[in-house]
Amino acid sequence: MTTELMWFRRDLRTHDLPALVTAADADRLACVFVLDPHLLDHERVSPARKRYLRQALVDLDNRLGDLGGQLMVVLGDPRHVVPALAKDLEVDAVHVTADHTPFAVARDDAVEKALADDGRTLERHQGVSIAPPGSVRTGSDSVYKVFTPFHRTWTQRDHGEPLTPPAALPRAPDGVGRIDTVAPTEVPQLDVRGPDEAWPDGGEGPARERLDDWLDGPVDDYDDRRDVLGVPGTSRLSPDLHMGCLSAREAWTRLDRRNPGQDTYATELAWRDFYLHVMAEWPDTARGAFREEYRDLPWHDDDDAFEAWAEGQTGFPIVDAAMRQLSTMGWMHNRARMIVASFLCKDLLVDWRRGEAHFMANLVDGDTCSNNGGWQWAAGTGTDAQQFIRIFNPTTQGTRFDPDGVYVRRWVPELADLPNNRLHEPWRLSEEDQEALGVIIGEDYPAPIVDHAEARQRAMDWWSQAT
DNA sequence: AATAGGTTAAT
DNA sequence: TTAACCTAT
Ligand SMILES: Cc1cc2nc3c(=O)[nH]c(=O)nc-3n(C[C@H](O)[C@H](O)[C@H](O)COP(=O)(O)OP(=O)(O)OC[C@H]3O[C@@H](n4cnc5c(N)ncnc54)[C@H](O)[C@@H]3O)c2cc1C
């Protein structure tokens with residue numbers, strides 16, 4: 001008789017989950033999620049993400065219940081909890097979906113070792129990414145550093161068909177009753193309330209509904225609308241993909257790539273896989289610049305500038321709109337993420353790692369791989385070699401991607417009455433116009449904290465000095 | 001078969 | 001600037 005343990009982490013689903021399908025073949029199966037107090041109190045886990053997690057755990061327990069199983073939620077450090085639990089329940093093997101951040105890899109290696117001391121195994125299954133990290137390789141057998149050729153190879157791959165959930169789960173081993181569990185709804189750190197409409201509900205149920213809605217029409221316009229800041233033209237599935245309430249492979253399989261909107265959407269899913277590949281291959285990039293020579297750049301330790309940025313008080317409407325969207329929604333449009341990241345790193349010369357940490361502390365979809373990849377791309381410290389340093393002009397970006405000002409007016413209401421031709425550069429309003437509109441720059445809305453033209457020159461000089 | 005050097009493109 | 005691929009040797 002085999003007794004096994006399914007240890008859930010960021011794969012809180014029943015559909016297309018190879019680890020669960022394998023575990024379901026055991027004679028006895030226990031399912032567990034370990035709430036690590038260290039992570040619960042960590043500032044890199046945002047309030048919106050805690051709320052999402054709580055709801056996702058409740059949802060998963062219900063789903064496993066429907067299959068004849070149940071989810072035990074145990075409080076503690078998984079390095080101790082999992083081996084102890086395995087011993088207590090006399091488990092032969094522990095199944096997990098492999099995760100690829102340095103933290104997760106170290107944790108799993110430690111658990112694997114502890115299990116091995118008692119003759120048990122940790123079995124890692126594929127399931128976070130679409131293609132297993134490390135599997136998409138160049139002609140010379142290295143991992144890609146540039147997205148476009150990665151994407152070419154990735155697209156030609158057969159990623160396999162998604163798996164259906166097990167029809168039923170084996171009964172739990174004797175002894176589960178002894179295990180000290182908690183109800184996720186009773187964990188104070190997870191009892192987070194937010195602006196309910198703005199934060200997505202967590203769990204496979206809500207996630208699958210969102211996926212169905214997205215694929216039923218809106219995705220067809222993705223290529224046209226994904227860069228328009230003022231409309232909800234993107235899928236908003238990032239937290240679902242991050243927590244694994246949705247299988248990225250299932251989302252990908254359900255696309256019809258002959259449709260341009262759906263094909264463009266497939267490319268974005270490939271970006272997620274790309275950054276997973278990069279992190280799995282070069283884990284040090286989680287902490288610092290990919291390239292050695294960019295590890296010790298003389299970033300400016302400018303707390304005032306950082307605060308103004310974080311609070312959406314820079315005086316650049318598009319930047320401020322985006323940062324306020326982040327604070328309220330725990331989510332920010334991808335275009336806006338690039339704009340604010342460029343602004344922090346180039347206009348303010350603040351270390352990208354401060355921005356990266358602020359994103360993790362606020363995003364509902366905070367993801368070490370994608371977030372780090374996005375920040376290093378914007379900072380110019382990442383894997384891709386560049387010909388020119390990338391400096392976004394916030395005014396140009398605003399007029400191009402929020403031409404009618406819907407986004408800025410929504411998030412920076414004090415500018416709502418400005419005419420379109422001044423909305424993205426309110427500092428150019430004459431004093432008379434400011435009086436007439438009732439918006440005094442420097443009083444009702446901040447004066448720009450830098451002159452972009454000067455900041456741009458400063459960044460270019462700084463970069464050539466530093467490198 | 002392995003490598004050097006040219007070409008193309010970088011969301 | 002340089003990654004990745006292609007071609008020639
Ligand atoms: C500075 C910066 C930080 C970022 N931080 C994160 C993060 O912490 N977590 C996160 O999931 N994404 C991050 N991204 C990527 C991207 O902005 C978000 O995935 C996207 O905005 C989420 O919204 P959506 O689900 O509506 O995206 P859609 O446009 O609908 O895209 C679909 C899915 O594709 C994936 N995806 C799309 N764009 C990217 C990308 N550039 N890189 C990797 N995956 C992508 C996401 O899983 C996303 O849910 C970051 C980008 C930048 C520039």
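Lettering follows sequence order; numbering is per chain, from 1.
In this structure, A:W352 has its ring center no closer than 6.0 Å to that of A:Y294.
Within 6.0 Å of the CD atom in A:E307, the count of heavy atoms belonging to other residues, nucleotides or ligands exceeds 12.
Per the geometry, CZ belonging to A:F150 stands 17 Å off C1' belonging to C:dC5, to the nearest Å. For the pair A:E292 CD and C:dT1 P, the computed distance is 19 Å after rounding to whole Å. If you take CZ of A:F388 and C1' of C:dT2, they are 14 Å apart, rounded to a whole angstrom.
For the residue pair A:S238/A:D365, the side-chain donor-acceptor check at 3.5 Å is satisfied.
A salt bridge links A:R44 with A:E356: the distance from a Lys NZ or Arg NE/NH1/NH2 to an Asp or Glu carboxylate oxygen falls below 4.0 Å.
If you walk DNA chain B from 5' to 3' and mark each nucleotide with an atom closer than 4.0 Å to a heavy atom of chain A, the marks span B:dA10 to B:dT11.
Screening residues 279-288 of chain A for side chain to side chain donor-acceptor pair (under 3.5 Å) gives no qualifying pairs among residues at least two apart or on separate chains.
The stretch residues 135-149 of chain A touches DNA chain C through A:T138, A:G139, A:Y144, A:K145, A:V146, A:P149, each having a heavy atom under 4.0 angstrom from the strand. Of the residues in residues 265-278 of chain A, those placing a heavy atom less than 4.0 Å from an atom of DNA chain B are A:E268, A:W271, in numerical order.
For C:dT2, the OP1/OP2 oxygens have a side-chain nitrogen or oxygen of A:R291 closer than 4.0 Å.
Ring geometry for A:H95 versus A:H125: interplanar angle of 30 to 60°, hence tilted. Using a 30° and 60° split on the angle between ring planes, A:F147 and A:F150 fall in the tilted class, from 30° to 60°.
In this structure, the side-chain hydrogen bond (donor to acceptor under 3.5 Å, both in side chains) partners of A:T155, at least two apart in sequence or on a different chain, are A:H151. Here A:D404 pairs with nothing under the salt bridge (Lys or Arg N to Asp or Glu O under 4.0 Å) rule; sequence neighbours left out.
Put simply, the side chain of A:R210 never gets that close to the backbone of A:S235: no donor and acceptor are under 3.5 Å apart.
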